[in-house]
**Q** 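One structure coming up, written as structure tokens, with questions to follow.
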Amino acid sequence: MSSLSQKTVFVMDHTLAASSGVQLDMESFCKPRLSGSGMSLPHASHYIPLLPVDKTIWTCAVEAITEYCRIVWDIFPGTRFISLMSIGGGAVERLSSWHQDQSLNAIMQLLMVLGPARPGTADLLSGCLAALQNLTEVTPAQKLQTQPVGNKGRVVVVTKLHSDDEARLYYQKFCDLVANVNRSVDGDKVPIAHVQLVLLSFIGEKEPSRVNNGSLSGGGSGVSGEVVEMQCGSCVAAKLCSLVVRHYNLASTTVTGIPMKEEQNASSSANYDVELFHPAEAHAATAGDNSIRTTRQDTDYPTVTLKWSTPRTNASQELHQCSTAFRITSVDVNSRPSSCLTNFLLNGRWVMLEMPKKTPTQHTKVMSHMLAAHGGDIYIHTLLTARTVLEDPPSISEGQGGKVTDYRIPDFAQLIRANMLVPYGKNGPERSREQLDRHTKHFPITLSQTTLFSIGPPIESLLKFIVQSELTDDEVLECKQVIFSLLNAEVQGDSLNTSHIRTKGLKKEDQYKAMWKELERFLLDHNSSANHQKVYECFLHCHSKEPVSAYDSSSGASNQESVNIDQALEELDAAVAASLPRHGGGSKRHHANETSSDGSKKRRVTQPSITSSTSPSVTSGMSLLTIMMQKIKSSEGKCLPFAGQLKAENNVTKLYANFQKEKDKEDMSSRRK
Amino acid sequence: MPTVILLDVSFSMCRPVPNIGGQDEAENSSPLLRKDLAALACCQLLDHLTLTNKLEFVSLVIYSSLYEVVVGFTRDYNSIRKAVMQVGDYDKTCLHGALQGTVLYCKEEWGNNMPCQILVITDGAAGVGQSGYLRSLTGPRAAQNFPLPLTVPATLDIVCLASPDDPALLASLPLYQRYVELNGDGSVHVPQGKLSKKSTRDLMSEVLSSQFSPYHGVLRCGNLSTNITLAPPPQPYQPYREVGVTNVRETMSKELLVLGFLSIVDVSSPPASSRHLLLPLQHKGEGNSTSSPDGAGSGDEEVSADEGKIPSLCVVLHGGLKKEGKVALCQVAPNWYGILYSWSDNKKKSNLLLSIFHPGTDVIPWLGKLDELGPASCLPENPYTDPDALPPFPVKSGEKRSYNQACVVWVRAGGLQSDVQKILRHARKLPDKTNSFYKELNRVRRAALQYGFPSLLHGLSAILEREVLSVPAQAEAAIQLQHACAALMACAHSAMDPNVTDNKHHSNIVPLKTNYASHD
């Protein structure tokens with residue numbers, strides 16, 4: 001961004017106290033009331049007529065300059081800088097700097113403190129010198145630039161010129177000043193690569209023109225200049241717009257056909273036009289198409305007329321293909337149509353704009369732009385209108401992996417939800433990458449690649465907790481309980497509730513084997529903290545991988561163990577029957593006993609170490625579990641916890657939860673046959 | 001990037017290729033012509049695209065002194081092969097006009113912003129008038145005379161089917177080189193050694209590998225990764241193009257890194273510099289160029305049947321994003337980002353699309369700095385799960401814009417009038433509208449002081465004095481109006497006096513307290 005418009009200094013002649021000839025007729029404000037209220041008109045003649053109010057040239061100039069600043073800061077906040085200086089009778093006053101007061105409200109406050117114009121003689125050249133020195137200071141944006149680019153800028157002198165000779169004289173002296181200032185640059189300051197002097201001459205409404213508008217030549221490669229004369233009054237606004245459009249390479253869009261309710265008659269609506277400014281690149285796609293461009297009489301820039309298209313309510317829910325988005329501002333910001341449009345947009349609605357496209361054969365309409373507010377700023381988005389090279393794309397199902405049907409999409413959706421981004425701060429990307437790495441350490445993308453992740457609800461909490469970077473003690477406990485419940489299910493001979501292809505046909509024990517193997521890998525992959533280690537150790541205990549507990553005997557003692565388990569389960573049954581009177585399930589319990597004793601012959605059943613799970617922190621919290629564990633501990637010293645207890649919600653457990661599911665499955669399979 | 005084959009069909013293309021060894025003479029009754037070599041070169045390009053990027057659009061334009069679009073942009077490469085074999089012989093060469101026409105044609109088809117790839121296949125004789133063109137392209141108005149648009153990064157490659165020592169080629173080379181130089185991207189290609197089938201094939205292989213090589217990269221999402229390709233292949237990013245200025249170009253890295261996920265609603269249709277389909281790369285090695293196009297077509301279906309059964313990260317990513325209505329934020333190079341999302345051209349077929357932003361971290365203002373986005377789950381309050389937390393997006397800009405606040409603009413006709421009228425409207429509804437009246441009065445008072453316009457305060461005071469006369473003397477309305485008049489006058493006097501520096505007149509005029517009974 002090394003354009004002239006990156007920084008602008010306004011040097012304002014504070015001695016323009018002469019009348020501009022623009023008058024505000026105060027009497028006109030009183031008339032409508034008299035006629036409207038039905039009072040007799042002759043009555044008005046009793047009053048002494050009110051004097052009209054005169055604007056000074058200074059007032060007209062300030063009105064124009066603040067409008068210029070308003071447009072610039074609406075469209076380029078934080079990237080284009082403007083500073084103000086005033087030259088009064090002798091002294092140059094710096095009003096704002098590159099680092100402060102870069103907003104309309106701030107400079108309005110400064111101008112209020114400055115006060116109205118005071119007669120005197122202003123020393124324009126000392127103002128220019130101060131402005132050039134100001135230009136050698138860097139803006140916040142320049143400070144951020146890594147490679148040095150040309151320090152360019154613009155000095156706008158707001159004054160009243162009397163002749164072309166005077167303008168040329170100022171320009172020559174200005175060129176000399178530039179050379180002087182560049183010679184004496186030191187410290188943090190940077191020399192000026194190019195500066196444009198804009199002599200903005202304000203003359204009274206009825207005064208004849210004194211200078212010719214146009215560029216000033218000479219002065220070498222680093223300086224250019226132009227003279228713009230503005231006659232106070234109604235044409236200032238249009239001239240000012242032309243100036244700001246030229247200085248900042250803006251373009252104008254007129255939104256036409258905006259339906260608006262009439263203020264007087266709410267049932268009818270009329271169509272209005274609103275003119276907007278935005279950077280010219282927003283119209284790059286239509287460059288060369290002059291059929292949609294028109295130039296009004298009072299301006300020297302063209303405006304592109306686009307038609308309002310009544311918005312759909314869900315336009316903001318979709319991704320539109322945009323090539324650019326630029327901030328806009330309305331040209332006549334306080335007019336009723338403008339504020340209607342901007343308020344509509346600020347309330348979150350999006351508006352599509354239609355470009356009439358004239359082809360030799362037919363008139364088609366294309367949505368070419370979109371207006372939308374984001375975070376309080378309104379933007380114009382350029383939509384793609386031409387043919388796209390992406391037309392008729394292949395479907396993802398036709399490509400590699402398109403025929404696979406058992407992707408873990410719900411789990412991936414969960415992964416997406418867990419890795420949403422927010423404004424975070426400097427180390428945000430590292431944190432999110434680290435987290436995403438952790439969440440995908442062990443993430444088979446299809447169900448047929450995994451046993452562990454196909455079990456579903458019984459293991460969900462463990463899978464959720466283990467991928468965290470830290471585990472709380474409660475989470476450790478819950479993870480251990482999941483392991484125990486799986487172990488218990490295995491002991492009881494419940495088949496794993498897995499639907500995937502790879503283990504579907506397998507025997508129960510092979511399913512468990514595959515699951516345990518995958519769980520071990522999963523726990524090992526995520527073994528990153530002391531608490532993770534606790535869960536992993538618990539797993540190892542359960543599988544006698546490490547002789548840690550005295551009760552973990554060698555695998556040869558399986559027979560004896562199974563007896564122990566049988567005993568334990570009987571104890572458990574008794575405890576459950578006592579604590580849950582609703583459950584008169586003593587007879588059903590035996591089924592579990594039988595299967596477990598059958599199963600125990602085939603597979604190695606290990607002794608989970610109760611001691612590891614009864615950490616002191618739990619004793620107060622979980623009453624029933626604790627009571628039962630204590631009971632079991634006191635009588636046996638070692639036993640499996642009751643799986644139902646672990647799953648219990650409010651101490652009520654549905655027994656044989658898988659019974660119905662299995663039945664359903666059987667039904668399903670029989671139906672298939 | 002759409003490709004235009006600009007094929008020279010001037011009469012000089014009918015010249016036979018000078019025979020070196022003479023061994024082919026016995027087999028071929030008719031001698032090998034330059035246009036036969038040109039046809040071979042075209043077919044070699046099309047075969048290459050069939051294997052590497054079947055989604056590329058190609059068009060065939062022939063030129064002599066005139067030009068003609070023979071086959072419009074299509075993915076049906078066979079229609080171009082057929083057309084190449086059937087082109088006729090025309091008169092003299094004029095590349096300049098052909099380039100102008102090609103640019104017009106591309107603009108019409110793809111709009112102003114789509115870069116195109118132009119491959120000129122010629123016998124290296126620029127023909128009559130070339131020195132004139134060269135002069136026009138070296139003078140001060142070179143940029144205006146240059147037929148290609150400088151705003152979009154098109155590549156221009158000129159393949160000369162002539163022996164390097166061909167006098168006609170030597171005469172034309174400066175013009176060709178000037179074209180390429182002005183365009184900034186592309187080059188002039190001349191065969192190594194004598195012109196023959198073999199040297200043509202070698203030449204084309206070099207062109208294809210330099211300008212038509214597909215993108216091969218890796219998509220990485222945490223520990224998951226897969227090989228992918230992008231269609232169309234991404235181009236280096238060039239912000240602005242000026243004649244004679246070589247800009248620093250940003251090139252995409254070979255690794256697309258998923259950083260995390262954002263909602264579609266939050267990204268709000270961000271502007272993108274380019275869009276690409278993200279396709280899983282087939283695991284087989286790159287097909288060798290010897291396989292015939294027909295064979296490749298049938299072999300392809302076989303491959304897709306096998307490939308379809310190999311699980312792909314792309315499919316699960318696509319499914320997850322589609323299900324959740326989310327996009328994945330990707331880093332495509334240091335300081336350069338894009339989003340990956342499910343996109344469908346019509347209702348049925350959807351695929352993964354990568355929209356690449358303009359390079360930089362501050363390119364989407366409503367997302368904040370892209371290199372400062374981090375995991376929501378690490379915040380004390382996760383805005384996606386905590387119903388009480390504030391939504392994270394859009395990131396608000398600091399200052400309110402003029403259309404989002406009550407700013408005063410008097411430069412336009414009617415601005416001042418309507419503001420004064422508003423005060424009067426409220427004045428006539430006193431004491432009901434006391435607060436609104438003072439609010440508007442203060443707004444105008446402040447603006448008058450800011451614009452250095454204290455005489456307006458005098459005038460306003462005079463109007464309000466007139467209003468006093470039309471209400472009963474002791475009414476509350478009259479009291480408030482008189483109070484306002486006095487305050488305005490005091491304010492005006494203080495503002496006009498250069499010796500007053502206490503700025504007391506900057507503070508608001510407050511309503512006169514008339515109801516002493518109330519406690520507020």
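Throughout, a chain's letter reflects where its sequence line sits, starting with A, and its residues are numbered from 1.
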**Q** Could you tell me if the side chain of F261(B) sits less than 4.5 Å from the side chain of L436(A), heavy atoms only?
**A**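 In short, these two side chains touch, coming nearer than 4.5 Å.
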
**Q** Taking every heavy-atom pair that is under 4.5 Å apart, which of I378(A), T329(A), T66(A), V22(A) has the most such pairs with chain B?
**A** I378(A)

**Q** Relative to chain B, which of Q321(A), R438(A), Q109(A) shows the most heavy atom pairs under 4.5 Å?
**A** Q321(A)

**Q** Given 3.5 Å as the limit, does a donor-acceptor pair link the side chain of Y384(B) with the main chain of L421(A), or not?
**A**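 Between the backbone of L421(A) and the side chain of Y384(B) there is a qualifying donor-acceptor contact (under 3.5 Å).
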
**Q** With a 4.5 Å cut-off on heavy-atom pairs, point out which of A61(A), G425(A), S234(A) contacts chain B the most.
**A** G425(A)

**Q** Non-hydrogen atoms of chain B under 4.5 Å away: do they reach the side chain of C241(A), the backbone, both or neither?
**A** side chain

**Q** Is A418(A) close to chain B through its backbone or its side chain, or both, or neither, when contacts mean heavy atoms under 4.5 Å?
**A**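 When you check distances to chain B, only backbone atoms of A418(A) fall under 4.5 Å.
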
**Q** Mind listing the closest non-hydrogen atom pair of Y407(A) and P311(B) along with its distance?
**A** OH-CA, 3.4 Å

**Q** Could you walk me through whether F443(A) and L224(B) satisfy the side chain to side chain contact (heavy atoms under 4.5 Å, CB included) test, starting with their C-alpha distance in whole Å, then the side-chain angles of each, then the deciding distance to 0.1 Å, before giving a yes or no?
**A** CA-CA 8 Å; F443(A) 195 96; L224(B) 304 172; 4.0 Å; yes

**Q** Let me know which of R431(A), M420(A), E434(A) forms a side chain to side chain contact (heavy atoms under 4.5 Å, CB included) with P375(B).
**A** R431(A)

**Q** Which one wins on heavy-atom pair count under 4.5 Å against chain B: L50(A), T342(A), L114(A), T446(A)?
**A** L50(A)

**Q** Name the member of E465(B), R412(B), E399(B) that forms the most heavy-atom pairs with chain A at distances under 4.5 Å.
**A**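 Highest number of heavy-atom pairs under 4.5 Å: R412(B).
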
**Q** Within a strict 4.5 Å, meaning less than it, do heavy atoms of the D377(A) and K400(B) side chains meet?
**A**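 Contact flag for D377(A)/K400(B) side chains = no.
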
**Q** Going by heavy atoms in the side chains, are K323(B) and I409(A) under 4.5 Å from each other?
**A**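 Yes, side chains in contact.
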
**Q** Starting at CE of M26(A), measure out to CD1 of I463(B) and round the result to the nearest 0.5 Å.
**A**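 The distance works out to 3.5 Å.
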
**Q** Name the option with the most non-hydrogen atom pairs under 4.5 Å to chain A; the candidates are Q331(B), Q417(B), K369(B).
**A** Q417(B)

**Q** Kindly give the heavy-atom pair with the smallest separation between D74(A) and Y403(B), and that separation in Å.
**A**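 Of all heavy-atom pairs spanning D74(A) and Y403(B), the closest is OD2-CD2, 3.9 Å.
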
**Q** Just wondering, do C378(B) and Q435(A) contact through their side chains at under 4.5 Å, heavy atoms?
**A**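 Side-chain contact under 4.5 Å: yes.
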
**Q** T56(A) versus chain B, heavy atoms under 4.5 Å apart: side chain, backbone, both or neither?
**A** side chain

**Q** Considering all heavy atoms of both residues, which atom of S455(B) and which atom of V53(A) are nearest to each other, and what is their separation?
**A** OG-CG1, 3.4 Å

**Q** Examine whether an atom of E109(B) lies under 4.5 Å from a heavy atom of chain A, and if so say whether it belongs to the side chain, the backbone or both; otherwise answer neither.
**A**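 Both backbone and side chain.
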
**Q** Between R417(A), H14(A), Q102(A), who has the most heavy-atom pairs with chain B when the cutoff is under 4.5 Å?
**A** R417(A)

**Q** So, N419(A) side chain and G260(B) main chain: donor-acceptor pair closer than 3.5 Å or not?
**A** no

**Q** Within the structure provided, determine whether L259(B) and R433(A) are in side-chain contact (heavy-atom separation under 4.5 Å).
**A**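 Heavy-atom side-chain distance check passes, below 4.5 Å.
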
**Q** Please report the interatomic distance OG(S312(B)) to CD1(I396(A)), rounded to the nearest 0.5 Å.
**A** 6.5 Å

**Q** I'd like to check L277(B) versus P394(A) (side-chain heavy atoms, cut-off strictly below 4.5 Å). Are they in contact?
**A**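 Yes - at least one pair of side-chain heavy atoms lies under 4.5 Å apart.
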
**Q** With chain A, which of H276(B), E56(B), Q405(B) has the greatest number of heavy-atom pairs at distances under 4.5 Å?
**A**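 Looking at each option in turn, the highest pair count goes to Q405(B).
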
**Q** Please determine, among L51(A), N105(A), L383(A), L415(A), the option with the most heavy-atom pairs under 4.5 Å with chain B.
**A** N105(A)

**Q** Which atoms of E430(A) come close to chain B, meaning under 4.5 Å heavy atom to heavy atom: side chain ones, backbone ones, both, or neither?
**A** neither

**Q** Taking side chain as everything from C-beta outward and backbone as N, CA, C, O, which of these in Y341(B) sits under 4.5 Å from a heavy atom of chain A? Side chain, backbone, both or neither.
**A** side chain

**Q** In terms of heavy-atom pairs under 4.5 Å with chain A, which of G414(B), S377(B), S269(B), A272(B) leads?
**A**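 Result: the option with the highest number of such pairs is S269(B).
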
**Q** What part of R327(A) is in contact with chain B, defined as an atom under 4.5 angstrom from a non-hydrogen atom: side chain, backbone, both or neither?
**A**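 Only the side chain of R327(A) comes within 4.5 Å of chain B.
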
**Q** When the ring planes of H381(A) and W366(B) are compared, do they come out parallel, tilted or perpendicular, using 30° and 60° as the limits?
**A** tilted

**Q** Near K441(A) NZ, under 6.0 Å, is it more than 12 heavy atoms from other residues, nucleotides or ligands?
**A**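 More than 12 within 6.0 Å, yes.
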
**Q** Among E67(A), R70(A), M108(A), find the residue that satisfies the side chain to side chain contact (heavy atoms under 4.5 Å, CB included) test when tested with C407(B).
**A**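 Looking at E67(A), R70(A), M108(A), the match for C407(B) under the side chain to side chain contact (heavy atoms under 4.5 Å, CB included) is R70(A).
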
**Q** Do you know the tightest heavy-atom contact between L353(B) and L390(A)?
**A**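 Scanning both residues completely, I find the closest heavy atoms to be CD1-CD1, 3.7 Å.
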
**Q** Is chain A contacted by the side chain of V267(B), its backbone, both, or neither, given a heavy-atom distance below 4.5 Å?
**A** side chain

**Q** Can you tell me which portion of L345(A) sits under 4.5 Å from chain B's heavy atoms? Options are side chain, backbone, both or neither.
**A** neither

**Q** If you apply the rule side chain to side chain contact (heavy atoms under 4.5 Å, CB included), what do you find for S432(A) with L373(B), and how did you get there?
**A** CA-CA 8 Å; S432(A) 47; L373(B) 293 175; over 6 Å; no

**Q** Would you say the side chain of K349(B) lies within less than 4.5 Å of the side chain of P393(A), judging by non-hydrogen atoms?
**A**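 Not in contact.
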
**Q** Compare all side-chain heavy atoms of P116(A) with those of Y451(B) and state whether any distance is below 4.5 angstrom.
**A**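 No, side chains not in contact.
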
**Q** Quick one: what part of R220(B) sits under 4.5 Å from any heavy atom of chain A, side chain, backbone, both or neither?
**A** neither

**Q** Please check: side-chain N/O of T59(A) versus main-chain N/O of G452(B), any donor-acceptor pairing under 3.5 Å?
**A**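 Yes, T59(A) side chain to G452(B) backbone: donor-acceptor pair under 3.5 Å.
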
**Q** Please report the C-alpha distance between L104(A) and R401(B) in whole Å, then the side-chain angles of each, then the deciding distance to 0.1 Å, and finally whether the side chain to side chain contact (heavy atoms under 4.5 Å, CB included) criterion is met.
**A** CA-CA 9 Å; L104(A) 193 61; R401(B) 305 287 154 243; over 6 Å; no

**Q** Let's test your reading of the structure: which of L55(B), L460(B), I364(B), L317(B) forms the most heavy-atom pairs below 4.5 Å with chain A?
**A** L317(B)

**Q** Checking R466(B) against E27(A) for the salt bridge (Lys or Arg N to Asp or Glu O under 4.0 Å) test, could you report, in this order, the C-alpha distance in whole Å, the side-chain angles of both residues, the deciding distance, and whether it holds?
**A** CA-CA 10 Å; R466(B) 172 85 60 91; E27(A) 192 66 35; 3.2 Å; yes

**Q** Relative to chain A, which segment of A231(B) carries a heavy atom at a distance below 4.5 Å: side chain, backbone, both, or neither?
**A**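 The answer is the backbone of A231(B).
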
**Q** What heavy-atom pair brings F412(A) and C221(B) nearest, and what distance separates the two atoms?
**A**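 For F412(A) and C221(B), the tightest heavy-atom pair comes out as CZ-SG, 4.3 Å.
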
**Q** Below 4.5 Å from any heavy atom of chain A, which atoms of F453(B) appear? Answer side chain, backbone, both or neither.
**A**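 Its backbone and side chain both get close to chain A.
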
**Q** Counting only heavy atoms closer than 4.5 Å, note whether L346(A) contacts chain B via side chain, backbone, both or neither.
**A** side chain

**Q** Decide yes or no on side chain to side chain contact (heavy atoms under 4.5 Å, CB included) for W73(A) and S402(B), but give the supporting numbers first.
**A** CA-CA 9 Å; W73(A) 281 325; S402(B) 66; over 6 Å; no

**Q** For S263(B), is it the side chain, the backbone, both, or neither that has a heavy atom closer than 4.5 Å to a heavy atom of chain A?
**A** both

**Q** Is it the case that the side chains of E398(A) and N351(B) hold a donor-acceptor pair, with the cut-off being a distance below 3.5 Å and no angle test?
**A** no

**Q** Go through the atoms of H458(B) and report whether side chain, backbone, both or neither lie under 4.5 Å from a heavy atom of chain A.
**A**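 Nothing of H458(B), per the 4.5 Å heavy-atom cut-off to chain A.
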
**Q** Select one option (side chain, backbone, both, neither) describing which atoms of E108(B) are under 4.5 Å from chain A's heavy atoms.
**A** neither

